Amino acid sequence: MTAATANGNHAIEDPVVTKVQDASPIQESTLFEELYHMQCFRTGEFFLKSGQMTPIYIDLRRIMSSPRVLRMAAQAMCDKILSSNIKFDYVVGVPYAALPLATLVSDILNVPMLMKRKEAKAYGTKQLIEGVYQPGGTVLLVEDVVTSGESIRETAEAIRKENLKVTDAIAVLDRQQGAVCNLAEDNLNFLSFLTMEGVLDGLITKNEMTEERKRQIIEHLAKPF
Ligand SMILES: O=P(O)(O)OC[C@H]1O[C@H](OP(=O)(O)OP(=O)(O)O)[C@H](O)[C@@H]1O
């Protein structure tokens, strides 16, 4: 049986079934180790989307090159989603880096995925939101790394214009630079699995960071941008 949808397609009625988790939840330290070995944490001088210089860059795009680590990161978010009891009808990744993660979250939880383009195409259907959906449905946003939360806000705005609701967003990692407060202003509840502070602590255990350097980095990242 099918139903008419906002974008003129027909939705296949596919009740959201949340799988019971058989395995133990992913531990933060386990995912940190995997990301560390995939060289996702780089110190030096890098610039963020906001234009701010950062002495530590976290590149989770690298994990798509390891299906095992990609799946672990997605599973970690799913564990958090299930323990937080968030309800949603669709999963949307914030383009582009989070798209592989969103695909796996959709698969693990058996919840349909939609895709938000960065820009609408000038041909074809010209839709900004791709996939099959019904107005009034609720979207969960999936991110890789969050700094200000601006990319989540932009994605939420585009989705809300399609008469879909967005109340929650989840990321693998929060750089702890104000996203929780910024997103709350937009009525978005934000969760993350890892934090910048956790990463810096992990790097200290690897003797790649001192307590003093951690303090300096946290002070730097607290500056407004
Ligand atoms: O919280 P924010 O301040 O918005 O920053 C975080 C965003 O920046 C990065 O994406 P980027 O803009 O580099 O694009 P990409 O995902 O296409 O690589 C990252 O993947 C987030 O989407």
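For ligands, and for the atoms within them, numbers begin at 1 and follow the listed sequence. Please read these numbers as outputs of a predicted model, since none were measured by experiment. Numbers here simply count residues along the sequence, with the first being 1. Just the heavy atoms: all of them, side chains too, but no hydrogens, waters or symmetry mates, feed the values below.
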Can you give me every donor-acceptor pair (side chain of residues 216-225, partner residue at least two apart or in another chain, under 3.5 Å) with its distance?
from, atom 1, to, atom 2, distance (Å)
Gln216, OE1, Arg213, NH1, 2.9
Gln216, NE2, Glu212, OE2, 3.3
Glu219, OE1, Arg215, NH1, 2.9
His220, NE2, Met53, O, 2.7

Problem - Side chains of Thr147 and Lys49, donor plus acceptor under 3.5 Å - result: no
Problem - Short N-O contact, Glu154 and Lys118, less than 4.0 angstrom - result: no
Completion exercise
Rounding to 0.5 Å, atoms CZ (Arg71) and CD1 (Ile63) come to a distance of 13.0 Å
Practice task
List, ordered by chain and residue number, the protein residues whose closest non-hydrogen atom lies under 4.0 Å from any atom of ligand 1.
Solution key: Lys49, Arg61, Pro95, Tyr96, Ala97, Lys118, Glu143, Asp144, Val145, Val146, Thr147, Ser148, Gly149, Glu150, Ser151
Practice task
Fit a plane to each ring of Tyr133 and Tyr90, take the angle between them on a 0 to 90° scale, and name the class: parallel (under 30°), tilted (30 to 60°) or perpendicular (over 60°).
Solution key: perpendicular
Exercise for the section: Would you check if Thr155 and Pro95 make a side-chain contact, meaning some heavy-atom pair closer than 4.5 Å? Expected result: yes
